[in-house]
Protein chains: 2
Amino acid sequence: MTSTTDNAVPAKRRRDRAAREREILDAAERIFGERGYQGTSMDEIAAYVGVSKPLIYQYYGSKDGLFLACLSRLRAHLLEAVSKEVLAAPDAEQAMYAGLVTWFRFLDEHPRAWSVIVDEGMLTTGPAVQAADEVRADFVELIAMMVRLNLPAGRDTDEEEVQIIAWTISGATERLAIWRTKNNNSPSPEKVARTLQDLLWQGLETLRKS
Amino acid sequence: MTSTTDNAVPAKRRRDRAAREREILDAAERIFGERGYQGTSMDEIAAYVGVSKPLIYQYYGSKDGLFLACLSRLRAHLLEAVSKEVLAAPDAEQAMYAGLVTWFRFLDEHPRAWSVIVDEGMLTTGPAVQAADEVRADFVELIAMMVRLNLPAGRDTDEEEVQIIAWTISGATERLAIWRTKNNNSPSPEKVARTLQDLLWQGLETLRKS
DNA sequence: CGAGTAACTTACTCCGAGTAAGTTCTTCCG
DNA sequence: CGGAAGAACTTACTCGGAGTAAGTTACTCG
């Protein structure tokens with residue numbers, strides 16, 4: 001009779017696979033977020049969940065696999081938050097600003113999530129790199145789409161240029177986010193977004209009619 | 001008499017510390033560049049140099065330390081190449097273009113060096129992160145300097161804005177470089193540099209007189 | 001030639017990723 | 001109800017690589 005209720009949390013019994021996977025993923029997200037990829041051991045996550053290590057391997061295959069699962073989920077949330085604001089904006093200029101602000105705010109408000117995303121570079125071996133790139137590419141695609149929308153409809157768009165611009169913005173925002181966290185989240189999301197907007201918008205206008 | 005000459009390479013005898021350190025660093029650069037941080041073991045580097053592992057630890061302290069030493073040296077070369085071109089340019093606009101082109105060309109021509117720089121993210125634990133940031137900050141300082149030079153002399157420059165712009169450019173160029181290598185070094189350095197120049201220059205002009 | 005020291009080695013420890021080979025639960029069919 | 005089938009889960013390892021304690025050799029200078 002150590003448990004508070006009988007029906008709510010059945011002590012620590014077996015769960016079905018889906019539920020256990022979620023539990024493990026939550027724990028992994030938390031611990032990776034606190035200690036980083038290197039600093040976290042699989043034993044630690046297993047102990048935290050109250051489960052043995054091989055179970056995690058059965059469900060996620062490897063440490064990289066588990067980390068990647070965290071990363072995908074976090075990036076999906078971030079992408080969702082940003083694209084929601086972007087799509088809600090009345091015009092392209094405001095969409096860009098809204099997207100930028102949301103990006104920086106989200107990372108301020110989810111510092112643990114952020115550490116995981118920053119640690120993305122940890123995945124250097126095996127197929128995990130590929131998968132991590134695909135996760136990032138989703139973001140680049142969103143940006144590229146915005147850039148394309150902003151170009152004149154009739155003319156051929158130079159797809160290479162679009163890609164360059166999209167990767168520029170992706171790289172810039174990631175690096176700025178890292179810099180901000182080392183700087184006590186300063187300058188504010190609004191200030192960074194505004195400066196970036198001022199810096200880039202003119203250029204986009206120019207490219208539009210070149 | 002297995003060696004080709006007697007005087008050139010004195011078989012495999014002791015060297016003084018400085019020489020050995022260089023030898024180790026060269027080997028580390030090569031092997032890290034080929035196999036990445038994770039994929040490289042200290043034993044492997046030791047074997048390659050023909051020396052025992054504890055010697056490396058005596059000279060470089062840790063795997064992170066050794067990697068960091070490689071990183072610093074490589075980044076210093078890169079910084080030197082870029083700043084040389086920047087300083088040689090007749091005006092700010094051409095300086096920016098020259099700097100960008102040089103950056104991308106250098107990385108095309110030194111793919112192994114580049115892998116090491118990309119793997120920078122591997123350093124997440126301990127004091128190595130700090131040191132790695134300082135190495136990167138050198139670059140950001142060069143960019144910030146250029147941005148400042150381009151602003152009107154009399155007025156207060158908004159130092160926060162300068163920092164934001166500098167980190168933007170740093171982040172963008174790094175991410176673009178990674179993207180290009182996964183894309184068979186395409187688009188060309190010139191094209192990327194030109195697009196980036198077109199994108200950013202207008203914005204810099206605008207900020208100049210705001 | 002012998003002390004002193006710099007260069008270097010052997011032979012470990014320890015920790016963490018990953019695994020082989022089971023052992024319990026739980027369900028569902030007769 | 002009984003008992004097979006399979007899912008959930010564990011114990012008890014291996015193996016490799018980072019890092020180290022305690023020396024051993026070679027060079028150098030008085």
Side-chain angles (χ1 to χ4, degrees), chain A residues 3 6-7 9-28 31-32 34-70 119 122-129, chain B residues 7 9-28 31-32 34-70 119 122-129:
Chain A
S3 62
D6 294 333
N7 53 345
V9 178
K12 205 66 189 224
R13 296 229 144 258
R14 287 168 180 226
R15 298 207 189 321
D16 65 1
R17 177 156 181 162
R20 208 49 123 184
E21 277 181 351
R22 236 176 296 117
E23 237 186 335
I24 294 170
L25 199 58
D26 290 343
I31 302 180
F32 278 135
E34 275 167 10
R35 307 218 208 307
Y37 180 87
Q38 298 268 32
T40 302
S41 77
M42 294 299 266
D43 292 282
E44 196 177 352
I45 295 170
Y48 188 92
V49 182
V51 103
S52 73
K53 194 167 51 158
L55 194 69
I56 302 183
Y57 278 90
Q58 191 174 320
Y59 292 167
Y60 290 97
S62 66
K63 190 179 180 183
D64 275 17
L66 179 57
F67 185 80
L68 187 62
C70 292
D119 253 15
M122 300 313 298
L123 301 167
T124 40
T125 47
V129 203
Chain B
N7 52 346
V9 179
K12 206 67 190 231
R13 295 231 145 259
R14 285 170 182 226
R15 298 210 190 316
D16 65 1
R17 176 157 182 160
R20 209 47 125 183
E21 278 181 350
R22 238 177 295 118
E23 236 185 337
I24 294 169
L25 200 58
D26 290 343
I31 301 179
F32 278 135
E34 275 166 11
R35 305 216 209 308
Y37 179 88
Q38 298 269 32
T40 302
S41 77
M42 295 299 267
D43 292 281
E44 197 177 350
I45 295 170
Y48 187 94
V49 182
V51 102
S52 73
K53 194 167 51 157
L55 193 69
I56 302 184
Y57 277 89
Q58 191 173 319
Y59 291 168
Y60 290 97
S62 67
K63 190 179 181 184
D64 275 16
L66 179 57
F67 185 81
L68 187 63
C70 294
D119 254 15
M122 301 312 299
L123 303 167
T124 40
T125 47
V129 202

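Chain identifiers are assigned alphabetically (A, B, ...) following the order of the sequence lines, protein sequences preceding nucleic acid strands; residue numbering begins at 1 within each chain.
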Exercise. Apply side-chain contact (heavy atoms from CB on, under 4.5 Å) to the pair A/Tyr37 and A/Asp64, showing each step before the final yes or no.
Key: CA-CA 9 Å; A/Tyr37 180 87; A/Asp64 275 17; 2.3 Å; yes

Exercise. Give the intermediate values and the outcome of side-chain contact (heavy atoms from CB on, under 4.5 Å) for residues A/Val51 and A/Ile45.
Key: CA-CA 9 Å; A/Val51 103; A/Ile45 295 170; over 6 Å; no

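B/Gln38 places its CD atom 17 Å from the P atom of D/dG16, with the value rounded to the nearest Å. The distance between atom CZ of A/Arg15 and atom P of C/dC25, rounded to the nearest whole Å, is 16 Å. Going from atom NZ of A/Lys53 over to atom C1' of D/dA8 covers 19 Å, rounded to whole Å. Whole-Å rounding puts the A/Phe32 CZ to C/dG16 P distance at 13 Å. Atom CZ in B/Arg35 sits about 15 Å away from atom C1' in D/dG17, given to the nearest Å. A straight line from CG of B/Asp43 to P of C/dT9 spans 13 Å, rounded to a whole angstrom. We find that CD of A/Glu44 is positioned 10 Å from P of C/dA17, with the value rounded to whole Å. Distance CZ (A/Arg17) to P (D/dA7): 10 Å, rounded to an integer number of Å.
Residues passing the side-chain hydrogen bond (donor to acceptor under 3.5 Å, both in side chains) test with A/Glu44, sequence neighbours excluded: A/Arg35. Shown here are the side-chain hydrogen bond (donor to acceptor under 3.5 Å, both in side chains) partners of A/Glu34, two or more places apart in sequence or in another chain: there are none. Under the side-chain hydrogen bond (donor to acceptor under 3.5 Å, both in side chains) criterion, B/Arg17 pairs with B/Glu21, sequence neighbours left out. Applying the side-chain contact (heavy atoms from CB on, under 4.5 Å) criterion to A/Asp43, with sequence neighbours excluded, gives A/Ser41, A/Lys53.
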So which protein N/O to nucleotides 24-26 of chain D N/O distances come out below 3.5 Å?
residue, atom, partner, partner atom, Å
D/dT25, O2, B/Arg14, NH1, 3.2
D/dT25, O2, B/Arg14, NH2, 2.7

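Contacts of B/Ser52 with the nucleic acid, taken as non-hydrogen atoms under 4.0 Å apart, include base atoms.
The aromatic rings of B/Phe67 and B/Phe32 sit perpendicular, their planes meeting at an angle over 60°, well past the 30° parallel limit.
For A/Arg20 and D/dC9, the shortest distance from a side-chain N or O to OP1 or OP2 is below 4.0 Å.
Side-chain atoms of B/Val51 lie closest to C/dT9 of the nucleotides C/dA7, D/dA8, C/dT9. Closest contact between the side chain of A/Met42 and the listed nucleotides C/dA17, D/dG17, C/dT19 involves C/dA17.
Using a 4.0 Å cutoff on non-hydrogen atoms, the parts of residues 55-63 of chain B near DNA chain C are B/Leu55, B/Gln58, B/Tyr59, ordered by number.
What you find for A/Tyr57 and A/Ser62 is that their closest heavy atoms are CE2-CA, 3.9 Å. Residues A/Cys70 and A/Leu25 share a closest heavy-atom pair of N-CD1, 3.8 Å.
The base-pairing partner of D/dG30, taking Watson-Crick or G-U wobble contacts with both distances under 3.5 Å, is C/dC1.
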